[in-house]
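Structure first, then comments.
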Amino acid sequence: MSSATRVVMVNYNAGDALLRSVAAVLATREPLHLVVADNASTDDSCGRLRNLYGRNQRLEILENGQNLGFARAVNACASNAPEPYLLILNPDCEVFPDT
């Protein structure tokens with residue numbers, strides 16, 4: 001699958017907001033590849049995300065194992081990205097299907 005845009009989302013205990021945001025991104029019609037970097041959340045948001053969308057080819061989950069901070073987590077997701085565009089989206093944001 002060729003994606004035109006990589007969406008990077010950094011998660012730290014964002015819970016339901018993360019799930020809503022990921023659902024909104026995956027519902028878009030644009031060719032997006034979503035990478036969620038989890039900074040050692042303790043609220044099981046990453047496990048819940050994996051249970052709901054773990055088989056979705058458009059989603060990649062990067063579990064950092066420690067809180068790297070926002071910038072380092074974004075850089076880990078963005079390095080070597082083949083997509084020409086990058087969107088950094090906070091997990092408390094929701095996009096519309098035509099965004």
Side-chain angles (χ1 to χ4, degrees):
M1 171 188 234
S2 175
S3 298
T5 301
R6 175 169 289 209
V7 179
V8 172
M9 200 175 293
V10 177
N11 177 51
Y12 182 71
N13 295 324
D16 290 338
L18 172 71
L19 300 179
R20 284 190 302 274
S21 185
V22 167
V25 169
L26 294 178
T28 64
R29 291 179 279 241
E30 294 299 315
L32 302 172
H33 180 77
L34 172 59
V35 182
V36 175
D38 185 71
N39 273 343
S41 294
T42 58
D43 67 349
D44 195 37
S45 53
C46 195
R48 292 171 59 203
L49 183 64
R50 196 175 305 285
N51 285 338
L52 287 170
Y53 303 107
R55 296 177 188 245
N56 192 310
Q57 297 290 321
R58 296 172 62 199
L59 174 65
E60 180 181 344
I61 302 170
L62 174 63
E63 294 186 64
N64 293 323
Q66 63 180 339
N67 191 339
L68 300 179
F70 182 78
R72 285 181 59 201
V74 167
N75 287 338
C77 294
S79 64
N80 302 318
E83 297 86 1
Y85 301 105
L86 177 70
L87 170 64
I88 301 168
L89 188 67
N90 285 338
D92 62 348
C93 297
E94 293 181 42
V95 295
F96 293 102
D98 293 327
T99 300

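Please read these numbers as outputs of a predicted model, since none were measured by experiment.
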For residues Pro84 and Ala4, report the shortest heavy-atom separation together with the two atoms involved. CD-O, 3.2 Å
Holding to side chain to side chain donor-acceptor pair (under 3.5 Å), I want the full list of residues that pass it with Asn39, two or more places apart in sequence or in another chain. Asn64, Asn67
Distance col, row Asn11:CG vs Ile61:CD1, nearest 0.5 angstrom, shows 9.5 Å
Test: salt bridge (Lys or Arg N to Asp or Glu O under 4.0 Å). Region: residues 67-76. Which pairs qualify, not counting sequence neighbours? none
Sort and list the pairs that fulfil salt bridge (Lys or Arg N to Asp or Glu O under 4.0 Å) and have at least one residue in residues 15-35, not counting sequence neighbours. Asp16-Arg48, Arg20-Glu94, Arg29-Asp98
Could you tell me which non-hydrogen atom of Ser21 sits nearest to which non-hydrogen atom of Met9, and how far apart they are? OG-CE, 3.2 Å
The complete set of salt bridge (Lys or Arg N to Asp or Glu O under 4.0 Å) pairs with one or both residues in residues 33-44, sequence neighbours excluded, reads none
In the single-linkage hydrophobic clustering (I, L, V, M, F, W, Y; side-chain heavy atoms under 4.5 Å), do Tyr12 and Leu68 co-cluster? no
Residues two or more places apart in sequence or in another chain: which of them pass side-chain contact (heavy atoms from CB on, under 4.5 Å) with Ala81? Arg6, Glu83
Any Arg55 side-chain heavy atom under 4.5 Å of Arg50 side chain: no
Give me the other members of the hydrophobic cluster that Phe70 sits in, counting Ile, Leu, Val, Met, Phe, Trp and Tyr linked by side-chain heavy atoms under 4.5 Å, directly or via other members. Val8, Val10, Val74, Leu86, Ile88
Locate the shortest heavy-atom distance separating Ala37 from Cys77; write the atom from each residue and the value. CB-SG, 3.5 Å
If every non-hydrogen atom of Leu26 is compared with every non-hydrogen atom of Asn56, which pair is closest and at what distance? CD1-ND2, 3.7 Å
Quick one: closest heavy-atom pair of Arg58 and Thr28, and the distance? NH2-OG1, 3.4 Å
